[in-house]
Amino acid sequence: MATLSPFLSKTPLSNTPTISFSSSISTPLKWKSITSFSPSGSSSSRSRRRIFIVQSKIREIFMPALSSTMTEGKIVSWIKSEGDVLSKGESVVVVESDKADMDVETFYDGILAAIVVPEGESAPVGAAIGILAETEAEVAQAKAKAASAGAAAPASHPVTSTPVPAVSPPEPKKVAESAPSGPRKTVATPYAKKLLKQHKVDINSVVGTGPFGRITPEDVEKAAGIAPSKSVAPSAAPAALPKPAPAAAPAAPLLPGSTVVPFTTMQAAVSKNMIESLSVPTFRVGYPIITDALDALYEKVKPKGVTMTALLAKAAAMALVQHPVVNASCKDGKSFTYNANINIAVAVAINGGLITPVLQDADKLDLYLLSQKWKELVEKARSKQLQPHEYNSGTFTLSNLGMFGVDRFDAILPPGQGAIMAVGASKPTVVADADGFFGVKSKMLVSLISIS
């Protein structure tokens with residue numbers, strides 16, 4: 001009996017921080033007939049059955065989808081080189097998604113026969129980025145397949161910058177060219193007949209340019225030798241001609257010495273999200289907070305490793321418990337979704353972009369555990385090692401620029417969330433109490449941007 005290929009074994013789910021890519025069997029399924037006999041050996045009991053023998057020799061390594069918003073990925077580096085032997089579960093390539101860099105591992109044993117997408121280049125999700133051969137005998141065939149895939153890539157990605165030539169409308173044909181010889185019935189629009197009578201023009205001397213030779217008011221005015229009127233009553237319009245696409249506005253000329261730098265994958269994702277947020281109706285409210293008590297608490301817990309960001313996240317989470325509608329979201333424009341968890345996303349600036357690590361169930365964690373979790377998330381964010389659930393599961397966002405001395409600012413609501421709070425710096429401010437006496441207190445300005 002034929003032995004099935006080891007590539008057909010089921011792969012268990014893994015909880016490791018790497019992402020495994022799927023592969024396709026490139027060779028067709030083959031079968032052969034096997035005759036089996038019953039123990040009695042009678043001819044009537046003889047039966048024939050087909051057994052499918054799968055030959056999984058060459059596999060394609062696909063660009064994986066590392067997040068729900070990822071449409072393409074960039075190859076940061078190939079951990080393995082062409083000709084290296086791969087083992088199941090081994091990391092092969094590092095892919096940059098729209099939020100993080102992640103190691104991608106293989107499901108199968110084999111040889112990395114060819115690299116289709118080199119380092120520094122991008123490919124859409126699902127596209128082949130490498131070819132995996134089962135044995136050395138298939139390496140040459142795999143390289144040929146990679147070469148054909150590389151040659152077909154330009155054809156599958158048309159250049160969008162090539163201008164489409166404008167379609168010029170065809171000149172109207174004269175009736176005399178298409179009309180059959182002999183007497184014919186001349187057709188004119190009602191307004192054209194009125195103009196014929198008004199200008200005393202013989203209808204047989206007018207050549208119609210309308211559909212099927214119909215005489216239009218413009219034809220009459222042209223035959224009468226007068227300028228066509230701009231306020232001509234509408235007539236039976238000919239079939240709509242294709243209009244040329246409007247030309248794109250010319251780009252502003254670059255200043256001398258300037259350089260154009262394209263967005264990185266993360267910057268492009270941030271730009272896309274910001275543009276999407278402009279379509280969400282929001283309102284903004286601001287409020288000053290006296291932070292003397294908050295500052296005193298921070299001075300007590302700071303030696304234990306608690307940051308002000310963690311303290312604010314905990315305070316926001318406890319407030320959301322009392323006001324769950326602020327933790328809700330509106331994704332379809334028809335209903336509210338009340339989230340069962342309070343996940344505080346905190347904006348963090350990293351090299352080349354912005355990301356929002358998420359403190360999940362912030363209302364259920366104590367302050368010290370929350371602060372420790374936050375430090376771990378920041379380290380992973382700055383090394384681009386966050387997992388998708390660690391940055392796309394937020395229900396409420398916190399943006400704190402107080403550490404930079406910023407008094408106030410307006411944040412942008414992330415798509416899919418209900419609100420974001422912008423926190424400014426806490427500064428000594430002269431304030432008056434209820435009795436009219438002046439004093440100096442620490443005051444912090446916060447702004448809340450929420451869906452309408």
Side-chain angles (χ1 to χ4, degrees), residues 65-74 95-102 122 124-125 160 248-249 251-252 258-286 309 312-313 316 326-334 336-337 339 343-359 377-378 380-382 384 386-404 406-424 445-452:
L66 304 180
S67 69
S68 58
T69 59
M70 178 177 170
T71 57
E72 69 174 9
K74 180 180 179 181
V95 174
E96 178 188 359
S97 70
D98 52 356
K99 295 295 183 181
D101 295 349
M102 303 186 70
S122 301
V125 171
T160 57
S258 58
T259 305
V260 177
V261 179
F263 282 165
T264 63
T265 306
M266 177 176 290
Q267 290 171 340
V270 172
S271 175
K272 178 176 178 292
N273 289 338
M274 295 303 98
I275 293 175
E276 289 180 0
S277 67
L278 297 177
S279 62
V280 180
T282 59
F283 71 94
R284 291 167 167 79
V285 292
T309 299
L312 293 172
V326 184
N327 194 51
S329 59
C330 179
K331 298 180 180 180
D332 57 0
K334 300 178 181 179
F336 286 103
T337 301
N339 299 297
N343 300 336
I344 306 297
V346 185
V348 174
I350 60 177
N351 185 20
L354 181 74
I355 197 169
T356 53
V358 178
L359 291 166
L377 289 173
V378 171
K380 294 176 69 174
R382 289 175 177 167
K384 294 186 177 182
L386 285 175
Q387 299 301 300
H389 70 276
E390 292 177 325
Y391 59 77
N392 62 10
S393 58
T395 60
F396 181 91
T397 300
L398 182 69
S399 182
N400 179 21
L401 294 180
M403 71 284 290
F404 301 111
V406 177
D407 291 331
R408 68 175 70 187
F409 67 99
D410 282 340
I412 300 176
L413 180 66
Q417 296 188 21
I420 181 174
M421 185 170 69
V423 181
L445 297 177
V446 298
S447 300
L448 184 71
I449 298 86
S450 178
I451 54 177
S452 300

Distance col, row L386:CG vs I350:CD1, nearest 0.5 angstrom, shows 8.0 Å

Please name the pair of heavy atoms, one in A411 and one in I420, separated by the smallest distance, quoted to 0.1 Å.
CB-CD1, 3.5 Å

Backbone N or O of F283 within a donor-acceptor pair of the S450 side chain at under 3.5 Å?
no

Nearest 0.5 Å please: distance from the CD1 atom of I412 over to the OG1 atom of T282.
10.0 Å

With sequence neighbours excluded, residues passing side chain to side chain donor-acceptor pair (under 3.5 Å) with T337:
none

Does L359 form a side chain to side chain contact (heavy atoms under 4.5 Å, CB included) with L377? I'd like the steps, not just the answer.
CA-CA 8 Å; L359 291 166; L377 289 173; 3.9 Å; yes

First locate atom OG of S399, then atom CG of D410, and finally report the distance between them rounded to the nearest 0.5 Å.
10.5 Å

Please report the closest heavy-atom contact between V348 and P357, naming both atoms and the distance.
CG2-CD, 3.8 Å

Rounded to the nearest 0.5 Å, what's the gap from OG1 on T309 to CD1 on I344? Could you check?
12.5 Å

Measure the shortest side-chain to side-chain distance between L398 and V423 over non-hydrogen atoms and say whether it is less than 4.5 angstrom.
yes

Considering all heavy atoms of both residues, which atom of V358 and which atom of G394 are nearest to each other, and what is their separation?
CG2-N, 3.6 Å

Non-hydrogen side-chain atoms of S258 and V260 separated by less than 4.5 Å
no

Using side-chain heavy atoms (C-beta onward) and a distance below 4.5 Å, is S122 in contact with K74?
yes

As an exercise, state the distance from OG1 of T395 to CD of Q417, rounded to the nearest 0.5 Å.
6.5 Å

Distance from S447 atom OG to R284 atom CZ, nearest 0.5 Å?
9.0 Å

On a heavy-atom basis, the closest approach of N343 and S393 is ND2-O, 3.0 Å

Atom of A347, atom of L354 and distance for their closest heavy-atom approach
CB-CD1, 4.2 Å

May I ask you to check whether over 12 heavy atoms, not counting those of F409, lie within 6.0 Å of atom CZ?
yes

Please answer whether the main-chain N or O of N327 pairs with a side-chain N or O of N339 as donor and acceptor at a distance below 3.5 Å.
yes

